[in-house]
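Throughout, a chain's letter reflects where its sequence line sits, starting with A, and its residues are numbered from 1. Note that the structure is predicted; figures quoted are calculated from it, not measured.
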Amino acid sequence: MLKPLAIGVVGVGLGLWSADALLAHGGPFGVASVGPWRIASQAGAADADPYERAVLSRSGEIPIAIGEGLQLVARLDDAGRKLDGHCVYRVFPHAPAARYWTLGVVNGAGFPIDNPAHRTVFRSSEILRAGDGSFAIVVSPVAAPGNWLPVDGVGTFSLVLRLYDTPLSVAGDEIENSAAPTIERERCL
Amino acid sequence: MTPRLARKALFHALGALLARIPGAALYALASVATVAALTHLVVVLLIPEFAEKDAFSRVSTLGAVNDTALLPAADSGERQFPFLDPAFAGAICRYDLSNGPLRVTLPLGRPGFVSLSFHSRRGVTFFALTDRAATQGKLEAIVVTPAELRVLEAHDDEENPSQDLRILSPTTEGFALARALAELPGLAPDAAAQALSLSCKTEALPE
């Protein structure tokens, strides 16, 4: 009598735990990657997999639709290390083709991390560029000349690159590694 | 040890371990695994049905049906909608098609990126268009249920076809979202005004 009960309790517990653990990390499927950038390709689409739908219905996120653009999220730098709020990063030199793009800093839950400069995002329409059209955005806890995106005394963070009116799609392998910006860690403080 | 060798060794150890476990315990283990797998699947599949804090529920607190309301700005400190772009202003209107089709209009008051997307009660984005698809300086569409679409099509005049863009909503309830980019930080008020020009009106079906 006790044994079936124990099996039930342990089984249900394991099932709940595994579902929660998987969903906390954004679902296991439907993700394409370009260098350090990951794209939840099916987010919000009618044929999104059950994990993706469960993740969205818990977080309240309203994803960018395929017809509007693409959202790329990086939690790691180019060398595969977690993005750390105590380090200085350079994001350069080009972004994939798009009418507009923005690069922002968010915490693990997807919310911007406020800072004294109130600078949580850079738009393609406002950044300083070199003569050849390339750019470098410095993500750093200390002020930097040029395009400085502050991270203010946080532990780990994520970078979000959003492409609007982009000819790219994730259906094929259309996004080449060379097209996505590099995230280079320069030094840590 | 290479990862492959390590894996092989692990499998061997597991095999040896399993062979030592009495049949009854093995049976119990298999039962636990089965119950766990079933629970996992049922939970994942049911979460969207019972989620009380999904996007639609959060949007519903912003305004009544057909009312246009500004989404809290991404960097306002309000933690309702993750992964919103701080460079954008957004406005929503929630709809309920049980009283008839919904006409959604977004006049474009300024150049720059503007989009209009449609979201079902269950979080599916079923249609989206950007300012590039604008006609006569506006984005406009009629959101319908399958039954309403049949009525509209039955009344279509073949000589003089309707110019309306008809969008089929997978659920009776849902919401429309207008997003407008502020190309520079100082243009945020302009982007908010652009997003707020979203209008949602229930229309009567033809008799």
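Here A:Val121 is the residue among A:Val121, A:Val160, A:Val106, A:Leu14 with the most heavy-atom pairs under 4.5 Å with chain B. Looking only at heavy-atom pairs under 4.5 Å with chain A, the residue among B:Ala74, B:Ser57, B:Pro170, B:Ala33 that has the most is B:Ala74. The candidate from A:Gly104, A:Pro112, A:Gly69 with the greatest count of non-hydrogen atom pairs under 4.5 Å with chain B is A:Pro112. For the set B:Asp85, B:Leu184, B:Val32, the entry with the most heavy-atom pairs within less than 4.5 Å of chain A is B:Asp85. For the set B:Val43, B:Leu71, B:Thr39, B:Val59, the count of heavy-atom pairs under 4.5 angstrom toward chain A peaks at B:Thr39. The greatest number of non-hydrogen atom pairs below 4.5 Å with chain A, out of B:Ala133, B:Ser120, B:Ala182, is found for B:Ala182.
Of the atoms belonging to B:Arg79, heavy atoms from both backbone and side chain fall under 4.5 Å from chain A. For chain A, the nearby part of B:Leu177 is the side chain; its heavy atoms alone come within less than 4.5 Å. The contact between B:Gln80 and chain A is made entirely by backbone atoms, counting heavy-atom distances below 4.5 Å. If you measure heavy-atom distances from B:Val44 to chain A, the contacts under 4.5 Å come from both the backbone and the side chain. Looking at B:Leu45, only its side chain comes within 4.5 Å of chain A, counting heavy atoms on both sides. Both the backbone and the side chain of B:Pro185 come within contact range of chain A, with heavy atoms under 4.5 Å apart. In this structure, chain A has heavy atoms under 4.5 Å from both the backbone and the side chain of B:Ser31. Proximity to chain A (any heavy atom under 4.5 Å) is restricted, for B:Phe88, to the side chain, taken from C-beta onward. Only the backbone of B:Leu84 comes within less than 4.5 Å of a heavy atom of chain A; no side-chain atom from C-beta onward does. With a threshold of 4.5 angstrom between heavy atoms, A:Tyr164 approaches chain B through its backbone and through its side chain. Interface remark: A:Val73 contributes side-chain atoms only to the contact with chain B (heavy atom separation under 4.5 Å). If you measure heavy-atom distances from A:Arg58 to chain B, the contacts under 4.5 Å come from both the backbone and the side chain. Within the 4.5 angstrom heavy-atom criterion, atoms from both the backbone and the side chain of A:Asp165 approach chain B. Proximity to chain A (any heavy atom under 4.5 Å) is shown, for B:Ala37, by neither the backbone nor the side chain. Looking at A:Val12, both its backbone and its side chain come within 4.5 Å of chain B, counting heavy atoms on both sides.
Side-chain contact between B:Arg103 and B:Glu140 is present, with at least one heavy-atom pair separated by less than 4.5 Å. In this structure, the side chains of B:Val114 and B:Leu106 come closer than 4.5 Å at one or more pairs of heavy atoms. Counting only heavy atoms from C-beta outward, the side chains of B:Arg166 and B:Leu152 approach each other to under 4.5 Å. Between A:Ile62 and B:Phe175 there is a side-chain heavy-atom pair separated by less than 4.5 Å.
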Apply salt bridge (Lys or Arg N to Asp or Glu O under 4.0 Å) to residues B:Arg121 and B:Asp54 and explain how you reach the verdict. CA-CA 9 Å; B:Arg121 174 69 189 85; B:Asp54 59 359; 3.1 Å; yes
Could you walk me through whether B:Ser162 and B:Asp156 pass the side-chain hydrogen bond (donor to acceptor under 3.5 Å, both in side chains) check? CA-CA 7 Å; B:Ser162 163; B:Asp156 270 349; 5.2 Å; no
Criterion side-chain contact (heavy atoms from CB on, under 4.5 Å) on B:Leu198 and B:Cys93, from CA distance to verdict: CA-CA 8 Å; B:Leu198 173 72; B:Cys93 73; 4.3 Å; yes
Set out, in order, the CA-CA distance, both residues' side-chain angles and the distance that settles salt bridge (Lys or Arg N to Asp or Glu O under 4.0 Å) for B:Glu153 and B:Arg150, then state yes or no. CA-CA 5 Å; B:Glu153 282 177 342; B:Arg150 280 193 294 277; over 6 Å; no
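No side-chain donor-acceptor contact under 3.5 Å links B:Arg179 to the backbone of B:Leu181. Side-chain atoms of A:Tyr89 do not come within 3.5 Å of backbone N or O of A:Ile137 as any donor-acceptor pair.
Residues A:Ser125 and B:Glu183 have side chains that never bring a donor and an acceptor to within less than 3.5 angstrom of each other.
Proximity of the aromatic rings of A:Phe122 and A:Trp101 is defined here by a centroid distance below 6.0 angstrom, and this criterion is not met.
With respect to the salt-bridge test (charged N to carboxylate O, under 4.0 angstrom), the residues A:Arg119 and A:Glu126 qualify.
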